[in-house]
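First the structure, in the form of structure tokens, and then the observations on it.
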Amino acid sequence: MLQEDVFKKLVAHCKEYGFVFQSSEIYDGLSAVYDYAQNGVELKNNIKKYWWDSMILLHENIVGIDSAIFMHPTIWKASGHVDAFNDPLIDNKDSKKRYRADVLIEEQLAKYEDKIGKEIEKARKRFGETFDEKQFRKTNGRVLEYQQKWDELQARFVKALNDSNLDELKQIIIDQEIVCPVSGTRNWTDVRQFNLMFSTEMGSTADGALKIYLRPETAQGIFVNYLNVQKTGRMKIPFGIAQIGKAFRNEIVARQFIFRMREFEQMELQFFVRPGTELEWFAKWKQTRMNWHQALGFGSDNYRFHEHDKLAHYANAAVDVEFRFPFGFKEVEGIHSRTDFDLSQHQQFSGKKIQYFDPELNESYVPFVVETSIGVDRMFLQIMAASYAEEEIASEDGKKDIRVVLRIPAPLAPVKLAVLPLMKKDGLAEKTREIIDDLKFDFNCQYDEKDSIGKRYRRQDAIGTPFCVTVDHQSMEDNTVTIRYRDTMLQDRVAIGDLKNIIAGEVSMKKLFAKL
Ligand code: GAP
């Protein structure tokens with residue numbers, strides 16, 4: 001199946017099975033804003049718990065906060081967001097569509113990569129096992145030609161970005177003959193900067209309303225609380241402050257479902273370190289975060305690091321963790337060595353001394369910061385994309401059938417078990433309720449008595465429920481039930497009294513933490 005089709009199916013599945021809905025759908029929707037539905041919110045909460053506990057429970061020197069979305073507007077002046085949190089935009093005069101100039105160029109680079117990939121695949125098929133990809137890349141004329149075009153374009157693009165040269169970005173688009181995907185023309189406007197922050201007003205106009213911003217990242221809420229947390233928590237460097245919360249960006253190009261949204265959620269850690277040690281900590285956090293991703297078991301081939309060519313104004317090192325989505329490798333998490341930029345800026349703009357007295361060095365300094373920043377929504381999409389599978393199986397009447405299953409890691413699954421009476425009568429429904437009443441304080445359980453047992457299993461597969469427990473007539477006699485495992489579809493007969501232990505062993509976050 002084409003990856004594009006897989007993605008369309010995934011989006012449809014998210015709606016049909018109560019994971020994600022378009023915001024304001026009955027009013028025709030609001031672009032790039034989404035609501036999490038009954039199953040989606042459970043998965044989202046589990047993702048947040050996996051991240052939060054991996055920070056707070058597993059690290060003695062990390063604490064959490066929950067700062068307000070509204071903050072003093074000078075914070076965004078100090079952080080550089082008012083002046084520099086921009087995307088370069090360009091309009092096509094014929095279609096009136098707006099694009100990010102940098103994204104148009106990145107897509108052109110991806111086209112050259114695709115062409116190289118296709119040549120390699122063709123050759124691999126032709127030469128079979130004897131195929132040597134490295135040698136082919138070095139010698140094949142077409143590959144060398146595409147590689148040269150890629151190298152030249154990449155170098156020119158990085159320079160234009162580093163110089164903030166908007167005219168050069170436009171010139172690249174013209175020279176590369178990039179056309180508008182809607183009108184098919186090259187009738188472009190100049191490239192302009194567009195600030196991504198949403199603003200609103202606080203207080204009534206008569207009192208002189210204050211222009212405030214909806215935060216575009218949660219990080220600044222941590223920086224401005226650094227002194228409070230360090231003092232009240234008696235924190236010693238190195239230490240971290242973690243936060244989960246909403247962020248808002250007026251994205252020019254909002255596409256690919258919940259990948260790029262205007263209202264989204266971040267999980268951010270600011271880790272404060274002694275100046276000069278930041279790159280060591282940066283390397284440590286890079287590895288720690290990759291382990292966190294890979295503990296989910298989606299295959300190490302599906303992750304890669306992407307080193308930044310252009311560093312943000314506050315960073316001296318930066319890397320992204322990328323995941324292979326159906327639309328290609330894309331950023332899920334950013335790890336930045338943010339130097340002392342933010343704390344120094346807030347020190348200057350607020351006039352308050354923001355320093356740490358290091359008793360071992362007997363000196364005061366502005367701490368350096370290593371940040372890890374991951375989008376909850378992108379993590380959600382990663383899990384849905386990696387978990388979605390269509391399998392050919394034999395149906396109840398012996399014919400071939402397709403089973404849609406979400407192989408969500410059990411600790412993150414929205415519903416942990418469904419308890420199903422084989423039929424409603426003969427006391428089976430009451431027995432099922434008794435089991436749920438005993439387990440519901442430990443696990444998110446679902447009761448379902450409608451349709452054949454096969455159909456009920458399928459409904460649970462489609463939302464990723466790892467266990468289905470079926471109560472039948474034998475259960476009434478010997479207090480045993482069948483337990484069906486989502487991934488293998490195998491069934492065991494077990495004592496009702498053993499259910500708690502069997503399930504707890506599989507759905508506990510400890511299973512994931514043990515791999516970190
Ligand atoms: N404090 C640093 C920071 O905000 P970022 O790379 O701009 O860095 C961090 O964002 C993460 O937030 C990204 O890796 C991504 O997962 C998520 N993110 C950023 N913009 C987003 C958007 N428009 N929609 C969904 N997630 C987004």
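Counting starts at 1 for both ligands and their atoms, in listed order.
Polar contact with ligand 1: absent for I258 (N/O pair, distance under 3.5 Å). For ligand 1, the polar-atom distance check against E217 finds a nitrogen or oxygen pair separated by under 3.5 Å. Between V332 and ligand 1, at least one pair of N/O atoms sits closer than 3.5 Å. Not a single N or O atom of R260, backbone or side chain, sits closer than 3.5 Å to an N or O atom of ligand 1. Note: an N/O pair closer than 3.5 Å links E251 and ligand 1 by distance alone.
In the candidate list M261, R262, E322, H336, M261 is nearest to atom 24 (N) of ligand 1, counting heavy atoms. The closest non-hydrogen atom to atom 19 (C) of ligand 1, taken over R249, Q270, E333, K330, comes from R249.
Each of the following atoms of ligand 1 lies closer than 4.0 Å to a heavy atom of E268: 1 (N), 2 (C), 3 (C), 4 (O). Near G334, the atoms of ligand 1 lying under 4.0 angstrom from a non-hydrogen atom of the residue are 14 (O).
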Would Q148 and E152 satisfy side chain to side chain donor-acceptor pair (under 3.5 Å), going step by step from the backbone distance to the final call? CA-CA 6 Å; Q148 191 186 347; E152 283 168 7; 3.1 Å; yes
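Exactly one residue among D377, V20, N39 makes a side-chain contact (heavy atoms from CB on, under 4.5 Å) with K44. That residue is D377.
The closest protein non-hydrogen atom to atom 9 (C) of ligand 1 is S373 OG, 3.0 Å. Among protein heavy atoms, atom 15 (C) of ligand 1 sits closest to R378 NH1, 3.5 Å. The closest protein non-hydrogen atom to atom 12 (O) of ligand 1 is Q266 NE2, 3.3 Å. Scanning the protein heavy atoms around atom 25 (C) of ligand 1, the nearest turns out to be F259 O, 3.3 Å. Summary of contacts: the protein heavy atom closest to atom 18 (N) of ligand 1 is F264 CE1, 3.5 Å. In terms of protein heavy-atom proximity, atom 17 (C) of ligand 1 is closest to G375 CA, 3.7 Å. In this structure, atom 14 (O) of ligand 1 lies nearest to the protein heavy atom E331 OE2, 2.6 Å.
Only side-chain heavy atoms of E371 come within less than 4.0 Å of ligand 1; its backbone N, CA, C and O stay farther off. The side chain of R338, and not its backbone, has at least one atom closer than 4.0 Å to an atom of ligand 1 (non-hydrogen atoms only; side chain from C-beta on).
Using a cut-off of 4.0 Å between Lys/Arg side-chain N and Asp/Glu carboxylate O, K111 and E107 are scored as not salt-bridged. Taking the charged nitrogens against the carboxylate oxygens, E307 and K286 do have a contact shorter than 4.0 Å, which makes a salt bridge.
In this structure, R378 forms a cation-pi arrangement with F259, its terminal cationic atom sitting closer than 6.0 Å to the ring centre and no more than 45° off the ring axis. Remark: K9 fails to qualify as a cation-pi partner of Y388 under the 6.0 Å distance and 45° angle criteria applied to the six-membered ring.
In this structure, K48 places its NZ atom where more than 12 heavy-atom neighbours from other residues, nucleotides or ligands lie under 6.0 Å away. Around atom OH of Y27, no more than 12 heavy atoms belonging to other residues, nucleotides or ligands sit under 6.0 Å away.
Aromatic pair F325/F327: ring centres closer than 6.0 Å. Aromatic ring centroids of Y34 and Y36 lie 6.0 Å or more apart. Ring to ring, F272 and Y226 are close: their centroids are under 6.0 angstrom apart.
Taking a 4.0 Å cut-off on heavy atoms, D377 fails to register as neighbouring ligand 1.
Contacts classified as salt bridge (Lys or Arg N to Asp or Glu O under 4.0 Å) and involving residues 64-91 (residues at least two apart or in different chains) are given here: K77-D83, D87-R100, D91-R98, D91-R192.
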